[in-house]
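Just so we're clear, the structure is a prediction, and the values are computed from it rather than from any experiment. In what follows, chains carry the letters A, B, and so on, assigned in the order in which the sequence lines appear, proteins first and then strands, with residues in each chain numbered from 1.
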There are 2 protein chains.
Amino acid sequence: MQHSIKSIFPNFSNELIAAIEKNGALQDFKAGTILMRTGQYIKNTVLITKGKIKIYREGEDGGEFLMYYLQPGQACAISMICTAKSEKSQIMAKVVEDVSVMMIPLQMMDKWMMEHRSWYEFVIETYRNRFEEVLEVVDNIAFRSMDERLEFYLKRHSDACGCSEVNLSHQEIAAELNTSREVVSRLLKKMEQRGLVKLNRNQIELLK
Amino acid sequence: MQHSIKSIFPNFSNELIAAIEKNGALQDFKAGTILMRTGQYIKNTVLITKGKIKIYREGEDGGEFLMYYLQPGQACAISMICTAKSEKSQIMAKVVEDVSVMMIPLQMMDKWMMEHRSWYEFVIETYRNRFEEVLEVVDNIAFRSMDERLEFYLKRHSDACGCSEVNLSHQEIAAELNTSREVVSRLLKKMEQRGLVKLNRNQIELLK
DNA sequence: AAGCTTCTGTGATAAATGTTACTGTAGGTT
DNA sequence: AACCTACAGTAACATTTATCACAGAAGCTT
């Protein structure tokens, strides 16, 4: 057990790992689980040790706009920020690949910042990375058109899963880009004609 | 002097204020000054004591997309995040109303986190507020159309300046929303017909 | 006043995106 | 096989946003 945390969070000091093992609770969730909803109060900081989570921003009309992925070795920045003041979540987190997460009670967050240098650095690094990721999201929707955003979406998906197949329907992709299924179908068809992808049912193969 | 910092940052402890006065450098900048450019290395954490700053995300094509305002009592979250690792800035900061800022050398950032509870809380609060602000920006461009975004833009401007007049040309507004001047003119005209604004040269009066 | 520049308004048109409607197909169920 | 459902393709059309072209008004300079 200790070995596993150490290998996933290599920069954590041994004292910090001991504190995590003592105070944290490891929990498993199946793909599809909604870990956190917009408006919910946050009671824990979440460290991912296995699996994948997608973070969405929800629109008033029920849209689910994909912001970024969380993977092993990462933490939910929102859960850290909100935890510090026990605030409401402004995002929705959905498990996309069975996860194990370490739940850290909110009191520990502040306490460890003072006690463990490696925790402090991890938190700061998490903030920085998530902030950067959100800024990239802003870039995409502010400066790019749908075809570029779709390409970026597919690339990010394959980076996250480490494979070149996207096993999603056009409908699901459309939802995460906040557009319509028809638009996604059209743009994918054009990409296929340009030789960038091969389209199968429920699957898109990335060729380049 | 001490009084002034204390009144603008009322939650700072006296010890922290003493440390700021000792290590920080107060600098003034005129409206129009670019305080920070995308890609520049950051050497200081910036606290605003007077005036107003706008934070932009720059597009590759030279677009300047407005993210949010910084006002007295606030700090640039990016400068904190990047300072911690002496990273490059991902944003551009422009003075829009003559400012005084307190420049805090990057070594102090980490040091004070451990030594001053009130600094720690200020930093966390700054992260949280800026993150929320950026999420709201994402909402706007992901879920809303240009007319709603324009209304939001005007409201935010009047909130920031505390007045109901926007002294900007349509061209300048268009640039900050990453659209064209004609679109802004047309949408403003419709707003005028709906009785929401009164249009003058280089000025928009908000009526509601 | 004459001349210049900047700002604003607006029509015409183009391009991108969203919507509606319908078709066919793959795969599963009975 | 017959049926059902989810998925994908596509045409036609509506809407939104971007671009081009031009004209008039406001303010400044000479």
Side-chain angles (χ1 to χ4, degrees), chain A residues 32 59-66 138-154 157 165-207, chain B residues 32 59-66 138-154 157 165-207:
Chain A
E60 288 153 12
D61 56 345
E64 297 185 355
F65 188 84
L66 176 64
V138 170
D139 274 7
N140 277 313
I141 43 181
F143 298 119
R144 303 198 199 294
S145 52
M146 197 54 83
D147 54 350
E148 292 175 291
R149 288 173 53 196
L150 178 58
E151 283 190 45
F152 184 80
Y153 174 92
L154 296 174
H157 180 99
E165 287 91 40
V166 179
N167 296 302
L168 294 171
S169 70
H170 298 183
Q171 184 61 258
E172 291 172 293
I173 296 171
E176 303 200 334
L177 289 168
N178 198 48
T179 180
S180 68
R181 200 259 317 159
E182 292 87 337
V183 171
V184 171
S185 288
R186 265 200 290 262
L187 294 176
L188 281 174
K189 211 66 200 169
K190 279 187 200 164
M191 286 178 70
E192 189 175 45
Q193 284 158 10
R194 286 195 290 150
L196 297 176
V197 296
K198 184 166 181 312
L199 301 179
N200 306 307
R201 187 187 173 84
N202 270 318
Q203 188 190 64
I204 301 161
E205 285 175 55
L206 305 183
L207 301 179
Chain B
E60 288 154 11
D61 55 345
E64 298 186 353
F65 188 84
L66 175 63
V138 170
D139 273 7
N140 277 314
I141 44 184
F143 298 120
R144 304 199 198 293
S145 51
M146 197 52 83
D147 54 350
E148 292 175 291
R149 288 172 52 197
L150 178 58
E151 285 189 43
F152 184 81
Y153 174 91
L154 295 175
H157 180 99
E165 287 91 42
V166 179
N167 295 303
L168 295 171
S169 71
H170 299 183
Q171 185 60 260
E172 291 172 294
I173 295 170
E176 304 201 334
L177 289 168
N178 199 48
T179 181
S180 67
R181 199 263 314 161
E182 294 88 330
V183 170
V184 171
S185 288
R186 269 198 279 268
L187 293 177
L188 281 173
K189 210 65 200 169
K190 280 187 199 163
M191 286 179 69
E192 188 175 46
Q193 284 156 11
R194 286 196 289 148
L196 298 176
V197 296
K198 183 165 182 314
L199 301 179
N200 307 307
R201 189 185 172 86
N202 272 316
Q203 188 191 63
I204 301 160
E205 284 175 55
L206 306 183
L207 301 179

Between atom [atom1] in [X] and atom [atom2] in [N], what is the gap in whole Å?
{"X": "Asn178(B)", "N": "dT19(D)", "atom1": "CG", "atom2": "C1'", "result": "15 Å"}
{"X": "Arg144(A)", "N": "dA15(C)", "atom1": "CZ", "atom2": "C1'", "result": "19 Å"}
{"X": "Met191(B)", "N": "dG9(C)", "atom1": "CE", "atom2": "C1'", "result": "17 Å"}
{"X": "Asn167(A)", "N": "dA6(D)", "atom1": "CG", "atom2": "C1'", "result": "16 Å"}
{"X": "Leu199(A)", "N": "dG9(D)", "atom1": "CG", "atom2": "C1'", "result": "10 Å"}
{"X": "Glu182(A)", "N": "dT17(C)", "atom1": "CD", "atom2": "P", "result": "14 Å"}
{"X": "Leu168(A)", "N": "dA6(D)", "atom1": "CG", "atom2": "C1'", "result": "15 Å"}
{"X": "Met146(B)", "N": "dT17(C)", "atom1": "CE", "atom2": "C1'", "result": "13 Å"}

NA contact type, [X], heavy-atom cut-off 4.0 Å: base, sugar-phosphate, or nothing?
{"X": "Ser169(A)", "answer": "sugar-phosphate"}
{"X": "Ser145(A)", "answer": "sugar-phosphate"}
{"X": "Asp147(A)", "answer": "nothing"}

Between Glu60(B) and Arg144(A), is the closest basic N to carboxylate O distance under 4.0 Å? yes
Looking at [options], which one has an atom nearest to any side-chain atom of [X]?
{"X": "Val183(A)", "options": "dT16(D), dT8(C), dT17(C)", "value": "dT17(C)"}
{"X": "Arg201(B)", "options": "dG27(D), dG9(C), dT10(D)", "value": "dG27(D)"}
{"X": "Lys189(B)", "options": "dG9(D), dC7(C), dG9(C)", "value": "dG9(C)"}
{"X": "Ser185(B)", "options": "dA11(D), dT8(C), dA8(D)", "value": "dT8(C)"}

What heavy-atom pair brings Ala174(A) and Arg181(A) nearest, and what distance separates the two atoms? CB-N, 3.6 Å
What closest approach, in Å, do Ala142(A) and Asn178(B) show between heavy atoms, and which atom pair accounts for it? O-ND2, 2.8 Å
Can you check whether Leu154(B) reaches Met191(B) side chain to side chain, under 4.5 Å on heavy atoms? yes
Comparing Asn200(B) with Arg186(B), nearest DNA chain C nucleotide closer to 5' gives the residue Asn200(B)
Short side-chain N/O contact from His170(A) to OP1 or OP2 of dA6(D), under 4.0 Å: no
Counting only distance, no hydrogens or angles, is the base of dG9(C) paired donor-acceptor with the side chain of Arg181(B) under 3.5 Å? yes
Looking at Glu151(A) and Glu148(A), would you say the former's side chain and the latter's main chain have a donor-acceptor pair under 3.5 Å? no
